[in-house]
Number of protein chains: 2
Amino acid sequence: MRRDVFQAIADPTRRDIINLIAYKPLNLNSIADNFEVSRPAISQHIKILMECGLIEMKKQGRERYCEAKLEQLHEVSQWIEQYRKLWADKFDRMDDILEELKNAPPKSSPEGRTQNNANKA
Amino acid sequence: MRRDVFQAIADPTRRDIINLIAYKPLNLNSIADNFEVSRPAISQHIKILMECGLIEMKKQGRERYCEAKLEQLHEVSQWIEQYRKLWADKFDRMDDILEELKNAPPKSSPEGRTQNNANKA
DNA sequence: ATAATAGGTAAGCATTCGCTTACGCAAATT
DNA sequence: AATTTGCGTAAGCGAATGCTTACCTATTAT
């Protein structure tokens with residue numbers, strides 16, 4: 001039972017769930033109302049999303065509010081980011097921006113980050 | 001048989017394959033040499049990566065060189081990007097950059113792109 | 001021509017996935 | 001107290017996944 005963010009967002013229903021609660025937490029039944037599949041199916045998706053940290057549950061009476069905690073997307077983002085220069089300028093200016101980032105001093109970040117240090121291309 | 005980029009990069013072996021050939025194309029056996037699993041297993045992974053456009057094959061004699069074509073990662077990147085402001089500043093300055101992008105006029109892009117127009121948060 | 005090499009693909013198999021129905025329990029309603 | 005509502009989870013099932021072995025066709029080497 002692999003459980004990582006890449007796996008979690010591979011399922012379209014789970015991405016839709018994230019879409020749905022990204023900006024406003026919802027309880028489980030409200031989420032399930034937006035889908036064709038059964039409530040238990042949604043419940044299982046939510047469980048997976050929780051297990052890799054993309055969702056947090058706030059218990060409130062008998063309801064469970066699901067709140068998106070998308071920090072973990074960073075892992076995916078980073079993996080893609082390392083290749084961005086191989087394709088990005090076809091779509092946007094992001095690679096220029098990244099170049100700037102590498103050359104400019106950090107703005108508001110203390111220690112503890114070893115970000116753009118190993119870039120071997 | 002769903003076949004999309006999210007699904008394709010969900011498998012760690014496939015991500016490793018991409019890693020391996022991102023900067024230098026390799027033929028299939030050379031790729032397979034880097035993994036524990038059998039050559040056919042790798043061949044099947046390559047097939048999947050090809051089917052969603054992340055890899056192209058250049059036939060060269062009896063060898064097939066696999067070349068990474070990572071443009072399709074854009075789809076994943078975009079999906080994540082829309083939520084970046086919900087978490088990014090915990091890790092880097094990207095959200096500031098995105099704000100700048102929205103306010104600044106485009107640098108080297110003509111028409112035909114409707115990028116950062118709908119951002120409802 | 002024969003053998004070796006590169007690699008595609010089918011068949012089979014164990015495991016995982018996504019879903020359903022069924023059931024259970026706690027909180028809220030009546 | 002009894003019922004309803006919200007939700008977790010087990011069991012079961014078909015389909016998909018990832019792997020293997022076996023076999024096949026092309027290209028290259030001898």
Gap between atom [atom2] of [Y] and atom [atom1] of [X] - 0.5 Å precision:
{"X": "A/Lys59", "Y": "A/Arg62", "atom1": "NZ", "atom2": "CZ", "answer": "12.5 Å"}
{"X": "B/Ile18", "Y": "A/Leu86", "atom1": "CD1", "atom2": "CG", "answer": "11.0 Å"}
{"X": "A/Leu54", "Y": "A/Leu70", "atom1": "CG", "atom2": "CG", "answer": "6.5 Å"}

Query raised in the report: For DNA chain D, which residues in residues 54-63 of chain B have a heavy atom at a distance below 4.0 Å?
Result: B/Lys59, B/Gly61, B/Arg62
Query raised in the report: If you pin B/Thr13 and A/Asn27 to their nearest nucleotides in DNA chain D, which one's is more 5'?
Result: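 Of the two residues, A/Asn27 wins.
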Report task. Between B/His45 and A/Ser30, name the one whose nearest nucleotide on DNA chain D is closer to the 5' end. Result ->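 The residue whose closest nucleotide sits nearer the 5' end is A/Ser30.
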So, do [X] and [Y] sit near enough that their side-chain heavy atoms are less than 4.5 Å apart?
{"X": "B/Arg64", "Y": "B/Lys58", "value": "no"}
{"X": "B/Leu73", "Y": "A/Trp79", "value": "yes"}
{"X": "B/Phe6", "Y": "A/Phe6", "value": "no"}

Please tabulate, for side-chain N and O atoms in residues 27-34 of chain B, each donor-acceptor pair with protein atoms closer than 3.5 Å (sequence neighbours left out).
| residue | atom | partner | partner atom | Å |
| --- | --- | --- | --- | --- |
| B/Asn27 | OD1 | B/Ser30 | N | 3.3 |
| B/Asn27 | OD1 | B/Ser30 | OG | 2.3 |
| B/Asn27 | ND2 | B/Glu63 | OE1 | 2.7 |
| B/Asn34 | ND2 | B/Ser30 | O | 2.7 |

Requested in this report: Considering only heavy atoms of chain A and a distance under 4.0 Å, specify the first and last nucleotide of DNA chain C in 5' to 3' order that meet this criterion.
Outcome: C/dT16 to C/dA28
Enumerate all atom pairs, one protein N or O and one N or O from nucleotides 9-16 of chain D, separated by less than 3.5 Å.
| residue | atom | partner | partner atom | Å |
| --- | --- | --- | --- | --- |
| D/dA16 | OP1 | B/Met1 | N | 3.4 |

[atom1] of [X] versus [atom2] of [N]: gap in Å, rounded?
{"X": "A/Leu49", "N": "D/dG8", "atom1": "CG", "atom2": "C1'", "result": "16 Å"}
{"X": "A/Tyr65", "N": "D/dT5", "atom1": "OH", "atom2": "P", "result": "16 Å"}
{"X": "A/Arg64", "N": "D/dT5", "atom1": "CZ", "atom2": "P", "result": "17 Å"}

Report task. Identify the two heavy atoms, one from B/Cys66 and one from B/Met57, that lie closest to each other, and give their separation to 0.1 Å. Result ->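 Heavy atoms of B/Cys66 and B/Met57 come nearest at SG-SD, 3.4 Å.
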Query raised in the report: Who pairs with B/Asp4 by salt bridge (Lys or Arg N to Asp or Glu O under 4.0 Å), at least two apart in sequence or on another chain?
Result: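 Scan of B/Asp4 (salt bridge (Lys or Arg N to Asp or Glu O under 4.0 Å), adjacent residues dropped) gives B/Arg2.
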Query raised in the report: Does any pair with a residue in residues 37-47 of chain A pass side chain to side chain donor-acceptor pair (under 3.5 Å), and if so which ones, sequence neighbours excluded?
Result: A/Arg14-A/His45
**Report entry** OP1 or OP2 of D/dT20 under 4.0 Å from side-chain N/O of B/Ser38
**Finding:** yes
Query raised in the report: Applying the 4.5 Å side-chain criterion to the ILVMFWY set and letting contacts propagate, would B/Ile48 and A/Tyr83 be lumped into a single cluster?
Result: no
